[in-house]
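Taking it in order: structure first as structure tokens, then the write-up.
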Protein chains: 2
Amino acid sequence: MSLRHALLALLAEQPHTGYDIGRRMHETVGLFWTAQHSQVYPELAKLVGDGLAGFESSAGPGPKKKKTYTITAAGRAALRDWLSEPAGRRVPRDELVLKAFASWVGDKQLMAEHYRAAAEQSQRQLATYERILAGIGGEEALADSQRPEFGWYLSLQRGITAQRALRDWCEMVAAQLDRAATKD
Amino acid sequence: MSLRHALLALLAEQPHTGYDIGRRMHETVGLFWTAQHSQVYPELAKLVGDGLAGFESSAGPGPKKKKTYTITAAGRAALRDWLSEPAGRRVPRDELVLKAFASWVGDKQLMAEHYRAAAEQSQRQLATYERILAGIGGEEALADSQRPEFGWYLSLQRGITAQRALRDWCEMVAAQLDRAATKD
DNA sequence: TGTTGCATGTAAGGGGTTACATGATTGA
DNA sequence: TCAATCATGTAACCCCTTACATGCAACA
């Protein structure tokens, strides 16, 4: 139910092609939502069917025409309505936590390495987010709450603080698993 | 693919009924994985089919017999194998972040209230985790890495630090939205 | 010549949620 | 008497991932 709102949010900023949306979701802000292009294309078609988006066709590089989608007034209104409702909380499903929960059964040495690797990956992701944040001007992005940068700042902050917490936890787990491995 | 390992992890601790597993997942450690009973029952049956679990029937309160599932040696081995593989990272899908991203379009005052409410809910969840942690003896749980409490400690720490980060971020967002609302 | 990027779609299958269905015991 | 708790299962549907399918342009 939220993918359509993610699309509307991106279209509210500026017109996009389906390909563009899929790419942006994966490259830059995989922090708030992601979708495969196979999911994006049908959903964009539905948005048009519901009058929430429109598109313009132009010559594409492949056999199919390139479609550039734009949000409509109705789309903007739908987005505002959705923003007025409280967000639905869904339970987290994280394999890292699940494996930590079961770690008393497993090989401590081996698992410690995995958590150290996870901490490093988290660190890299963190660096990416910080680079993007610097790119939009850091705290200056908060100056005008009517501009997209305001939203970027808030969601990037979430990505940064969440990755920091994840990285620190992974390092703690790795340390505890190491300690347990050497004690045996 | 991970639900079966979540079930194995719970069965490794002690025998459970399907109902029991569903309840525990929702009440206590909804922090690492959750599942509806409609998903748990068929998966337990599959585990038995694969020789990873066994069960004993006894008289139940309803029309059906009560089944108490136990992990087998093969189940324990499968769990250990799975723990030796690195965890698959999946992208987070969080409506709170998505709405923050789009907040420049929405009603700031209204949204600020939602984020404050989310912060409070997060605070309550945090308190629950801390209570459970105290129940298993806090850091003493780390003493023996061969006992389930070791895993409980690690995963509860994840829940606690993640909820703290979420709560703080929600409060920051609420404050920024408030500031934006009064400036208009 | 082979790979990457741009660009759009369909199909199959897995995982998960919600709803349907049954029924005894205990406590308010 | 009504609701909650224990207890097990099935069915329909939605969301998402992976794979299939096409094809031009630019670059190495």
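Proteins get letters first, then strands, A, B, ... in listed order; numbering begins at 1 in each.
- Only B:Thr17, B:Gly18, B:Tyr19, B:Arg23, listed by number, bring a heavy atom of residues 10-24 of chain B to less than 4.0 angstrom from any atom of DNA chain D.
- In terms of modelled atom types and a separation under 3.5 Å, the side chain of B:Tyr115 and the main chain of B:Met172 share no donor-acceptor contact.
- A:Asp94 has no carboxylate O lying under 4.0 Å from a charged side-chain N of B:Arg90, or vice versa, which leaves the two without a salt bridge.
- Heavy-atom distances under 4.0 Å link DNA chain C to A:His37, A:Ser38, A:Tyr41 of residues 32-46 of chain A, given in residue order.
- Using a cutoff of 4.0 Å between basic side-chain nitrogens and carboxylate oxygens, B:Asp50 and B:Arg4 are scored as salt-bridged.
- For the 3.5 Å distance criterion, the side chains of A:Tyr153 and A:Glu149 fail to qualify, holding no donor opposite an acceptor.
- Nucleic acid contact for B:Arg93: sugar-phosphate only, since backbone atoms but no base atoms lie under 4.0 Å from a heavy atom of the residue.
- Close to C:dA7, at under 4.0 Å from its OP1 or OP2, lies a side-chain N or O of A:Lys66.
- Under a 4.0 Å N-O distance rule, the pair A:Asp178/A:Arg116 qualifies as a salt bridge.
- If you measure from atom CZ of A:Arg90 to atom P of C:dG16, you get 12 Å, rounded to the nearest angstrom.
- Rounded to whole angstrom, the span from the CZ atom of A:Arg89 across to the C1' atom of C:dT17 amounts to 17 Å.
- Under a 3.5 Å cut-off, the side chain of A:Ser122 and the backbone N or O of A:Ala118 do not form any donor-acceptor pair.
- Going from atom NE2 of A:His16 over to atom OG1 of A:Thr68 covers 10.5 Å, rounded to the nearest 0.5 Å.
- Put simply, the side chain of A:Arg76 never gets that close to the backbone of A:Ile71: no donor and acceptor are under 3.5 Å apart.
- Scanning for ring-ring contact (aromatic ring centres under 6.0 Å, His included) contacts around A:Phe101 gives B:Phe32, B:Trp152, with sequence neighbours left out.
- Taken residue by residue, residues 47-54 of chain B places no heavy atom nearer than 4.0 Å to DNA chain D.
- In summary, B:Arg147 and B:Glu13 do not engage in a salt bridge, as defined by a charged side-chain N under 4.0 Å from a carboxylate O.
- Evaluation of the ring pair (Phe, Tyr, Trp, His ring centres under 6.0 Å) test over residues 33-75 of chain A, restricted to residues two or more places apart or in two chains, returns A:His37-A:Tyr41, A:Phe55-A:Tyr69.
- Each of A:Met1 and B:Lys67 has a nearest nucleotide on DNA chain D; the 5'-most of these lies closest to B:Lys67.
- Contact footprint of chain A on DNA chain D: nucleotides with an atom under 4.0 Å from a non-hydrogen protein atom, first to last in 5' to 3' order, D:dC15 to D:dC24.
- Between A:Arg164 and A:Glu130 there is a salt bridge, since at least one side-chain N of the basic residue sits less than 4.0 Å from a carboxylate O of the acidic one.
- A donor-acceptor distance shorter than 3.5 angstrom exists from the side chain of B:Lys99 to the backbone of A:Glu85, with no hydrogens or angles considered.
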